[in-house]
Enquirer: 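Take this structure, written in structure tokens, and hold onto it; I'll ask about it next.
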Amino acid sequence: MIKNIKYRILCDPRDKITSGEKTEKGYPRSLPYFNITAFPELIEAYGEQPEELYLFFPSDNITDFFDCEYNLYGSNNQKKRSCDGVTCIHRIPEEINGKSYKAGEESPCVCQSLPEDDKNRCKYVAYLKAWIALPDIWKIENPLCYLFMTHSKNSGDAIYSELDKIRTLAGGCLRGVQFKINVRMVSGRKDAKERFPIWSLQSAGMVSEIRQQAAGLPYGVEPKEIEQVPEKAIEQPKDSTYHLERIKKLLADKHPGKAEKEQAKKKELLKKYFGTSNWEEVEKMPLDVLERSTGKLKKELTDDAELFDEKGKEIK
């Protein structure tokens with residue numbers, strides 16, 4: 001098996017979901033709802049002008065389904081420049097403030113030195129890939145994700161912040177967690193008569209419900225009740241000590257030693273799978289969240305080598 005296979009999430013090709021539209025003359029116009037005109041199945045479920053949609057995300061890694069950047073396009077829709085807020089990549093030869101740049105050249109961000117309304121400034125864009133569930137019953141019908149797009153940096157920042165927060169509370173998990181995204185209109189800073197759509201994302205439930213969703217449990221079922229299930233069920237540890245020791249061993253086997261570089265690698269893995277690099281916070285996580293996240297960590301680090309048998313006991 002090839003290592004580091006890129007996880008690709010396909011989206012419905014019919015259109016992007018935005019809070020805007022083009023007028024008859026081709027000018028952009030803001031909308032106080034999500035534009036879903038290209039998706040009749042969503043119109044049937046939510047109506048023609050929904051202000052709120054129910055979402056599930058396809059990965060526990062935020063960067064798999066959320067992206068944002070600054071871009072500048074020319075009149076022929078050719079990309080002239082892209083930027084991450086620190087470094088600009090010039091796609092075509094151009095001149096900014098008397099300085100010339102070659103195609104493919106990288107430079108410190110040139111946008112920061114330009115006035116806010118300068119036509120040469122890159123424009124912010126954020127993309128979000130998500131399944132849209134049927135309202136109330138939270139059922140997914142379309143196996144393809146829908147692609148959301150916004151030019152509001154406030155919206156992009158708010159979405160990322162909520163995802164990062166919930167991922168931490170759910171022990172590194174986002175898949176299976178129910179979210180709602182909504183749109184509201186706010187007044188412009190310079191002209192109160194101008195109004196712009198702002199998106200906000202929030203989880204649909206309290207922390208206990210979020211952890212149930214992340215663990216794949218039915219609503220209202222506490223993690224401890226799973227112990228009552230099965231005749232032939234595999235016996236599970238009753239406290240977190242076992243899983244914490246597994247985590248330590250997996251990390252130590254992959255990155256032995258106490259050098260700064262090795263410690264940094266261990267923290268990266270903790271952040272990736274448990275939502276935090278703070279070991280004390282990992283120790284306080286619920287047993288079901290620890291078990292699920294440890295399984296994901298083990299799958300990545302051990303490859304084909306099994307360190308534990310089917311009963312969860314370590315192989316000597």
Side-chain angles (χ1 to χ4, degrees), residues 33-34 45-46 50-66 126 128-141 145-146 148 154-184 186 198-229 236-241 243-244 247 270-297:
Y33 54 85
F34 293 105
Y46 286 93
E51 297 178 10
E52 183 177 72
L53 298 171
Y54 292 17
L55 307 182
F56 285 105
F57 294 110
S59 172
D60 294 327
N61 297 318
I62 298 174
T63 53
D64 285 344
F65 58 85
F66 177 84
L128 182 72
K129 300 176 180 179
W131 288 300
I132 298 180
L134 297 179
D136 301 324
I137 61 174
W138 290 97
K139 181 181 179 182
I140 297 172
E141 285 289 347
C145 285
Y146 295 89
F148 291 77
N154 287 332
S155 297
D157 289 350
I159 289 170
Y160 183 87
S161 299
E162 179 70 7
L163 289 168
D164 189 58
K165 179 189 75 176
I166 298 301
R167 187 171 180 270
T168 299
L169 290 173
C173 300
L174 287 172
R175 281 182 290 190
V177 177
Q178 300 169 350
F179 286 89
K180 295 181 181 181
I181 189 170
N182 57 66
V183 59
R184 60 187 175 87
V186 299
I198 296 293
W199 295 357
S200 62
L201 182 74
Q202 61 184 23
S203 60
M206 303 300 284
V207 173
S208 59
E209 295 168 333
I210 292 168
R211 288 175 174 166
Q212 286 177 336
Q213 294 162 12
L217 302 180
Y219 178 77
V221 176
E222 295 295 333
K224 62 183 180 182
E225 294 178 24
I226 295 300
E227 296 172 6
Q228 303 171 2
V229 177
Q236 298 292 333
K238 296 182 180 179
D239 60 46
S240 60
T241 305
H243 293 300
L244 293 172
I247 296 168
L270 285 176
K271 178 70 175 176
K272 180 177 180 181
Y273 289 99
F274 298 89
T276 178
S277 58
N278 187 322
W279 181 251
E280 292 182 358
E281 292 182 13
V282 175
E283 290 179 316
K284 296 175 184 178
M285 288 181 178
L287 179 61
D288 60 299
V289 174
L290 271 178
E291 181 179 7
R292 178 175 173 178
S293 299
T294 303
K296 294 178 182 178
L297 176 67

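Numbering starts at 1 and runs along the sequence shown. Values in this document were obtained by computation on a predicted structure and should not be read as measured data.
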Enquirer: Search all heavy atoms of Y33 against all heavy atoms of E51 and return the closest pair with its distance.
Expert: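 Closest heavy-atom pair between Y33 and E51: CB-CG, 4.3 Å.
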Enquirer: Taking the side chain as everything from C-beta on, heavy atoms only, tell me whether L270 gets closer than 4.5 Å to L297.
Expert: no
Enquirer: For W279, check ring-ring contact (aromatic ring centres under 6.0 Å, His included) against everything at least two apart and list the hits.
Expert: none
Enquirer: Which residues satisfy the side-chain hydrogen bond (donor to acceptor under 3.5 Å, both in side chains) test with W199, sequence neighbours excluded?
Expert: S19
Enquirer: What pairs with A126 under side chain to side chain contact (heavy atoms under 4.5 Å, CB included), at least two apart in sequence or on another chain?
Expert: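 Testing A126 for side chain to side chain contact (heavy atoms under 4.5 Å, CB included), a comparison that skips the adjacent residues, returns F66, C68, Y124, T150.
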Enquirer: Do you know the tightest heavy-atom contact between F57 and L128?
Expert: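 Smallest interatomic distance, heavy atoms only, reads CE2-CD1, 3.7 Å.
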Enquirer: Any chance you could measure W131, atom CH2, to F179, atom CZ, to the nearest 0.5 Å?
Expert: 13.0 Å
Enquirer: For the atom pair CD (E162) and NZ (K180), what is the distance rounded to the nearest 0.5 Å?
Expert: 13.0 Å
Enquirer: Could you check whether any side-chain N or O of T168 sits under 3.5 Å from a backbone N or O of G275, counting only pairs where one atom can act as donor and the other as acceptor?
Expert: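 Flag set: sc T168 to bb G275 pair under 3.5 Å.
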Enquirer: Which heavy-atom pair separates S203 from I166 by the least distance, and what is that distance?
Expert: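 Taking every non-hydrogen atom into account, OG-CD1, 3.6 Å.
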Enquirer: Could you tell me which residues satisfy salt bridge (charged side-chain N to carboxylate O under 4.0 Å, His left out) with K284, sequence neighbours excluded, listed by chain and number?
Expert: none
Enquirer: Return yes if some donor-acceptor pair links the side-chain N/O of R211 with the main-chain N/O of M206 below 3.5 Å, else return no.
Expert: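 Side chain of R211 to backbone of M206, a donor-acceptor pair under 3.5 Å: no, none is there.
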Enquirer: Measure the SG-OH distance between C173 and Y273 for me, rounded to the nearest 0.5 Å.
Expert: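 One finds 11.5 Å between SG of C173 and OH of Y273.
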Enquirer: Can you name the closest pair of heavy atoms from I132 and F148 and give their distance?
Expert: CD1-CZ, 3.8 Å
Enquirer: Quick one: closest heavy-atom pair of E283 and S240, and the distance?
Expert: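 For E283 versus S240, the nearest heavy atoms are O-OG, 4.2 Å.
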Enquirer: Which residues pass the salt bridge (charged side-chain N to carboxylate O under 4.0 Å, His left out) test with R175, sequence neighbours left out?
Expert: D60
Enquirer: Specify the closest pair of heavy atoms between L174 and S59, including all atoms of both residues, with the distance to one decimal.
Expert: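 Scanning both residues, the minimum pair turns out to be CB-O, 3.6 Å.
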Enquirer: So, does S293 use its side chain to make a donor-acceptor pair with the main chain of G171 at under 3.5 Å?
Expert: yes
Enquirer: Y54: which residues meet the side-chain hydrogen bond (donor to acceptor under 3.5 Å, both in side chains) condition with it, sequence neighbours left out?
Expert: none
